[in-house]
Amino acid sequence: MIDLKAVRENPEAVRASQRARGEDSSVVDALLAADERRRSAVSRADTLRGEQKAFGKQVGRARGEEREALLVRGKELAAEVKAAEAEQHAADAELTELHRAVPNVVHPDAPAGGEDDYVVVKHVGTPREFDFEPLDHLDLGTRLGAIDVERGAKVGGSRFYFLTGVGAQLELALLNMAAAQATAAGFTLMITPTLVRPEIMAGTGFLGAHADEIYRLRDDDLYLVGTSEVPLAGYHADEIVDLGAEHARRYAGWSSCYRREAGSYGRDTRGIIRVHQFNKVEMFSYVRPEDAEAEHLRLLAWEEEMLAKIEVPYRVIDTAAGDLGTSAARKFDCEAWVPTQAAYRELTSTSNCTTFQARRLNIRYRDENGKPQIAATLNGTLATTRWIVAILENHQQADGSVRVPEALVPFVGTEVFVPRS
RNA sequence: GGAAGCGUGGCAGAGCGGCCGAAUGCACCCGCCUUGAAAGCGGGAGACGGGCAACCGUCCGGGGGUUCAAAUCCCUCCGCUUCCGCCA
């Protein structure tokens, strides 16, 4: 949820944010009206309750006839209070519904527009020139005995796969390398639940416009997470978190991730680029709001540190407002070069959710005066199954073997993956 | 799956339907004492909403009900614990 006080003080900023996202800016006025209605309803109910409370004490002291008379008036008052409270609840519910529907206010420097309106921040590395026809990751993976999509489809349906042999080793190596880097950087490593309760899923902002992306277990009223961002955000829900001397709490979540890919029929149907289930090591930070932007750059730097270790060319983009998702105020994606597609594809994504998630999940910290304040949350990717695509394709050799990037060698235990004859 | 119990402030833990926003202890903050600290003594301090403020209201897991009045009684949902059974 966005900060209602900020909406009152500067509604135009929120309207501008909505326009940048390509969404309706009139919700701001609806929000302000509902806020006004709620506040007057609260004040009416407060006054009546105050009267009733004082009156109740008189009744307690009164005796005999006097008491009987007071009881009559007491009943009237009780009815009035009940009516006023009903009004208050209605006004409250109306406001909350509107409030929850408004996405986070975008950062003023984020580019306006939709998916294609991103701004390229920088390029790192140069796509390699091949003196042979490069194979795509699925051909390579199949020959290496690393990926089996046919049996994946047999067992789980389309967009499922088996990682086999060296494929499984490579994924574990990647995730372990991410976990090692995160741990060295001071993150607390976490293995999280991947099924979460509705409040947690809603709190992270995933049940809004993109709810059809999420697997839901109706029989148990649980959701399968699309990222460990969800359980890691929920971890401190309803808490006043001690941010410590560093004014930051950093967690690295290792989990499987599940996505329905509902709106992507026909896209990336080949290989393991876009799948229903994958594994990921995700960074998650709780910080003070004034530190959020600096933390965002730190997360980006840690992502780039990982990308450097796998030695693939990539670019960093500043995602456009319309492509931010509900919770983010700003998002940077790192996209690796995929030779057979002659395109950059997303390998990491880091979002600054400012106080949006924390306000929904009621996550606070104590400021220097000891007063509770809403925290800010951020997240960013350290490694996912998809990284295998970039590694295989960029480091393939003419004979179908694949060179293992140096940093990964200790984790994989070999310097080259060789095709099975 | 069956049975029982529990859910109160940062934590622990009291609380006859009105005098309970709630004892007490620990932790915390400020003084005093001390070369410094600990101990000891004195004082302070919950969260949320509204208001410039004095202040007012709300909050004892969530929701509903009984009552003039609910932390306290009833219903329901959620969570946790223990015992039995089942599975691993």
Side-chain angles (χ1 to χ4, degrees), chain A residues 1-9 31-100 192-193 195-203 207 216-223 230-231 233-245 247 249 286 288-289 355-375:
Chain A
M1 286 184 280
I2 62 175
D3 184 358
L4 269 187
K5 276 197 192 111
V7 181
R8 273 180 228 141
E9 282 160 19
L31 200 58
L32 286 171
D35 180 46
E36 191 49 51
R37 274 196 299 278
R38 186 195 77 101
R39 286 199 286 165
S40 65
V42 166
S43 137
R44 272 196 304 277
D46 272 5
T47 310
L48 273 170
R49 258 193 303 263
E51 277 182 47
Q52 192 200 24
K53 206 172 170 179
F55 193 81
K57 289 186 179 165
Q58 286 184 43
V59 177
R61 285 189 296 268
R63 290 284 173 273
E65 283 175 30
E66 191 193 355
R67 185 182 166 91
E68 293 308 311
L70 287 174
L71 281 178
V72 173
R73 175 66 189 135
K75 276 193 205 269
E76 285 168 21
L77 254 179
E80 285 174 49
V81 167
K82 200 168 179 180
E85 282 184 339
E87 239 176 89
Q88 181 189 335
H89 279 126
D92 213 47
E94 190 193 355
L95 175 67
T96 303
E97 194 189 336
L98 271 168
H99 194 184
R100 295 190 78 91
T192 71
L195 284 166
V196 299
R197 304 174 356 99
E199 313 88 86
I200 302 296
M201 191 55 93
L207 288 187
R216 178 178 174 195
L217 280 72
R218 282 192 165 71
D219 286 346
D220 300 281
D221 203 17
L222 291 169
Y223 292 89
V230 176
Y235 189 68
H236 286 304
D238 294 316
E239 292 183 20
I240 297 177
V241 181
D242 184 357
L243 293 179
H247 300 300
R249 272 202 182 236
Y286 294 87
R288 304 184 300 187
T355 54
F356 186 86
Q357 291 178 328
R359 189 168 284 108
R360 290 177 166 221
L361 290 167
N362 190 28
I363 302 164
R364 294 170 294 169
Y365 68 99
R366 288 193 192 277
D367 65 18
E368 42 289 320
N369 301 317
K371 293 302 285 181
Q373 305 285 355
I374 304 283

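All values derive from a computational prediction rather than experimental measurement.
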As an exercise, state the distance from CD1 of A:I200 to CG of A:L207, rounded to the nearest 0.5 Å.
11.0 Å
If I pick the C1' atom on B:A39 and the same atom on B:C32, what distance separates them, to the nearest angstrom?
14 Å
Walk along nucleotides 43-55 of chain B from 5' to 3' and tag each nucleotide B, S or - by protein heavy-atom contact under 4.0 Å, base first, then sugar-phosphate.
----SSBSS----
CG of A:D92 to CD of A:E97: how many Å apart, nearest 0.5 Å?
12.0 Å
To the nearest 0.5 Å, how far apart are CG in A:L95 and CZ in A:R39?
10.0 Å
Can you tell me the distance, in whole Å, between the NZ atom of A:K82 and the C1' atom of B:A69?
14 Å
Figure out the CD/P separation between A:E80 and B:A69, and round it to whole Å.
13 Å
Taking B:G51 as the reference, what is the distance to B:G44 when you measure between their C1' atoms (whole Å, please)?
25 Å
What's the spacing between A:R38 CZ and A:T96 OG1 if we round to 0.5 Å?
8.0 Å
For every nucleotide of nucleotides 71-81 of chain B, 5' to 3': is a protein heavy atom under 4.0 Å from its base (B), only from its sugar-phosphate (S), or from neither (-)?
-------SS--
Could you measure between the two C1' atoms, the one in B:G9 and the one in B:C59, and give it in whole Å?
11 Å
CG-CD1 distance between A:N362 and A:I374, expressed to the nearest 0.5 angstrom
6.5 Å
For B:U35, the Watson-Crick or wobble counterpart (both distances under 3.5 Å)
none
Spacing of the P atoms in B:G25 and B:G43 (rounded, Å):
12 Å
Rounded to whole Å, how long is the line connecting atom CD of A:E85 with atom P of B:G63?
12 Å
Tell me whether A:R44 contacts the main-chain N or O of A:A84 through its side chain, where contact means a donor paired with an acceptor under 3.5 Å.
no
Does this structure show an ion pair linking A:E85 with A:K82, if we count only N-O contacts that are shorter than 4.0 Å?
no
Between atom CZ of A:R216 and atom CE of A:M201, what is the distance when rounded to the nearest 0.5 Å?
11.0 Å
My understanding is that a pair needs two contacts under 3.5 Å, Watson-Crick or G-U wobble. By that rule, which nucleotide pairs with B:G5?
B:C80
So, does A:H99 use its side chain to make a donor-acceptor pair with the main chain of A:I2 at under 3.5 Å?
yes
Once you apply the 3.5 Å cut-off to both distances, tell me the Watson-Crick or G-U wobble partner of B:A23, or none.
none
With rounding to whole Å, what would you report as the distance between B:A23 and B:C11 at their P atoms?
16 Å
Measuring only the C1' atom in each nucleotide, how far is B:A70 from B:G63? A whole number of Å is fine.
15 Å
How close or far is atom P of B:G10 from atom OH of A:Y365, stated in whole angstroms?
17 Å
d(CD, A:E87; C1', B:G57) in whole Å
17 Å
Give me the distance, rounded to whole Å, that separates B:U72 from B:G21 when you measure between the C1' atoms they each carry.
15 Å
